[in-house]
Amino acid sequence: MPHDPDPPPAKKFKPGSVLFSLNQKKPGMLLPRKGNVSTPIDVQRKQLPIYQAKPQLLNQLRQLNNAILIGETGSGKTTQIPQYLYEAGIGRQGIIAITQPRRVAAISLAGRVAEEKRTQLGKLVGYTVRFEDVTSFETKIKFMTDGMLLREAIGDPLLLRYTIVVLDEAHERTVHTDVLFGVVKTAQRRRKELNKIPLKVLVMSATMDVDLFSEYFNKSPVLYLEGRQHPIQIYYTKQPQSDYLQAALVTIFQIHQEAPQSQDILVFMTGQEEIEALARTCRDIAKHLPDNCGPMVVIPLYASLPPVQQLRVFQPAPKGSRKVILSTNIAETSVTISGIKYVVDTGMVKAKRFSPESGLEVLAVQRVSKAQAWQRAGRAGREDSGSCYRLYTEDEFDNLIPMTVPEIQRCNLAGVMLQLMALGIPDVMNFDFMSKPSPEAVCSAVEHLELLGAVEKKDGQVVLTAVGKKMASFPLEPRYAKTILLSPEFSCSEEVISIVSLLSVDTVLYNPPARRDEVLAARKKFTSSEGDHMTLLHIYRAFKKVSGNKDWCRENFVNSRNMSLVKEVQAQLKEICLKLNLKLVSCGADTGSVRRCLAHGMFVNAAELQPDGTYLALDTHQPVAIHPSSVLFQAKPAYVVFNELLHTSRCYMRDLCLVDADWLLDAAPEYFGRKLHLSKS
DNA sequence: GAGCACTGC
């Protein structure tokens, strides 16, 4: 970590530091205020700025089949527009769907709108997210995750249950939203051709990508919504900062010494490790400040933090203390903290990139986009005016890319391509994406699906096979779906479903660094010399044996919340297997069958030990290494399959399973005949 | 002998 281990003493940070210059030219980013909780709901609804525009809006929306609605988050558009449409009788023949990138948003928005309509959630207003469907035949306003609508589209590509689809938070450009853009556009056109009830599509976004959206949806009109806004003062550094962590530290204490005690600070950083390190440094320095400085409460915030600790950011600091929250980009969208007066933006973010040639995912620290910088600044002005300290110069800001590259251009497309084919899209290679992924990425995805037997080429066209159709019915990465499909042949579908479920959640292992020896000792009894998959299976079996006992989880450093999620995923996968008439069978103690099955399903991710003790990935022939977190780290198996490659300090394989060369050859004779030969020569 | 941002079906 580049953080200076020996920070300067606190007295160096004098009021009036020369680190910053004030920028008056750019207007501050403006954000709305929340309604007063003690005001009756119908009065609150009328107080929203959007209420003024209601007649004109309805007039427009009645006529248009496409519209782009621009307004900041919370302008009331997400809760009000669906109600306006419903109340005006627009789209009454079917359901109004409103999609959200996140589950919590879909759930809480549905709750809010049901309250405003004074009905029970699940009647007129409902929501659908994975594992939860709170809707009924009465439901006319339905909030859902964008991924959920995409799943539904596989069974009903024309989305005939819906008369209006509202794609909210479109500016976030998640893979699911981007695929949905194409799906709704196609459905709209097809319904017109087939003389079905028309589909209205509304795209709601913050102030970005407007032209792109409008252009894509046949130059559809853009409607601007006013929000209630608070000005934000933007400051830039006078000089570029070579060490953004040092600059953050200086800035935090500069604000701490100058600003009233009750005003909180939110600092945007890149990851857990640097956040914990800066938290320690801040606490150390805060202890030795002069008496005129009040105490400081430093709170780290990142996704992998246990929920109880995440909740700490919402607790007000003790009277006279200042809250300083050190956060990843989780606080940009997912977690909204009230009372933030100051935002400190390092201008950096950790993000995943994908290289189609190597199939490699790289997680790297990089600069934010302008849009992201505005999003961060906006977090200072939710209730009142605020300030944002950017730890970079105005020139550097001007040179940032305007928009974050959409996820669809940064990810492995195998799953997306499979889904598009399952939707019956005729020419997936030329799908009408709003932002086209590179041809290389598309080709590499199709090749991957070809290897898995999900697609085949016929007369120059890529078509879905029967296997591919089955694979698409699983909410899984294609190779995991394939492994499940193969598992009955190896009489181990029970085991493989468990393993795939374990791999679908973040992690079931809890590894507090401070208790490393205890963790190792506790984990030893589950460790399998056959690899990480079998080790996970042992842990899961033990977990089930004690019926998910919380104490057992604590003693064994198992994340019980994620384990419960594993159970839900497992139930869902079993249900899909039943629908596909796949036999649920267990191989008992014959773990060899499980590994054989994994070898057959995951053969594209195989690596071979070389005479010099290193490994080569068999598909790309790049050198890879066993990740130290693997149970096989100290072993030297001749052949392994792995779940993923992660490029950090080296190119590491993660989650490994010991396999035989014969199994790989058996799984893909032609493919491996070539590969194994190549790597030996 | 490493260390992983954030979502979602």
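Chain identifiers are assigned alphabetically (A, B, ...) following the order of the sequence lines, protein sequences preceding nucleic acid strands; residue numbering begins at 1 within each chain.
- Taking the nucleotide of DNA chain B with the nearest heavy atom to each of A/Gln572 and A/Lys350, the more 5' of the two is matched to A/Lys350.
- Within the 4.5 Å cutoff, the side chain of A/Arg161 has heavy atoms near those of the A/Glu152 side chain.
- Rounding to whole angstrom units, CG of residue A/Asp146 and P of B/dG8 are separated by 9 Å.
- Here the P atom of nucleotide B/dA5 and the CG atom of A/Leu305 are 11 Å apart, to the nearest Å.
- The heavy-atom pair separating A/Ala106 from A/Val129 by the smallest distance is CB-CG1, 4.0 Å.
- Within the structure, every side-chain polar atom (N or O) of A/Thr145 is placed at least 4.0 Å from both OP1 and OP2 of B/dT7.
- In this structure, A/Arg379 is not positioned above the aromatic face of A/Trp374 in the sense of NZ or CZ being under 6.0 Å from the six-membered ring centre and within 45° of the axis.
- Ring to ring, A/Phe181 and A/Phe213 are close: their centroids are under 6.0 angstrom apart.
- A heavy-atom distance below 4.5 Å is not found between the side chains of A/Thr145 and A/Thr99.
- At the heavy-atom level, A/Arg102 lies under 4.0 Å from the strands shown only through sugar-phosphate atoms.
- If you check B/dA2, B/dA5, B/dT7 against the side chain of A/Ser334, the one that comes closest is B/dT7.
- Using a 4.0 Å heavy-atom criterion, one finds that A/Thr174 contacts no nucleic acid atom at all.
- Between A/Leu149 atom CG and B/dG8 atom C1' the separation is 13 Å, expressed in whole Å.
- Relative to the six-membered ring of A/Phe557, A/Arg523 misses at least one condition, a distance below 6.0 Å or an angle of at most 45° to the axis.
- Here B/dC6 presents its C1' atom at 14 Å from CD of A/Gln272, a figure rounded to the nearest Å.
- Residue-to-nucleotide proximity on DNA chain B shows that, of A/Thr270 and A/Gly147, the 5′-proximal contact is made by A/Thr270.
- Each of B/dA2, B/dA5, B/dG1 was ranked by its minimum atom distance to the side chain of A/His627; first place goes to B/dA2.
- Summarising the geometry, the separation between CD on A/Glu407 and P on B/dC9 is reported as 13 Å, rounded to the nearest angstrom.
- Using a 4.0 Å heavy-atom criterion, one finds that A/Phe474 contacts no nucleic acid atom at all.
- Within 4.0 Å of A/Val129, counting heavy atoms only, lie sugar-phosphate atoms of the nucleic acid but no base atom.
- Between the NE2 atom of A/His176 and the P atom of B/dC6 there is a distance of 18 Å, given to the nearest Å.
- A/Leu646 comes within 4.0 angstrom of a base, heavy atoms only.
- Atoms NE2 (A/His171) and C1' (B/dC6) sit 14 Å apart, rounded to a whole Å.
- Of the candidates B/dA2, B/dA5, B/dC9, B/dA5 carries the atom nearest the A/Asn329 side chain, counting heavy atoms from C-beta on.
- A close approach under 4.0 Å does occur between a side-chain nitrogen or oxygen of A/Arg103 and OP1 or OP2 of B/dC9.
- Checking the phosphate oxygens (OP1, OP2) of B/dC6, no side-chain nitrogen or oxygen of A/Thr333 falls inside 4.0 Å.
- With rounding to whole Å, A/Leu573 atom CG is found 15 Å from B/dG8 atom C1'.
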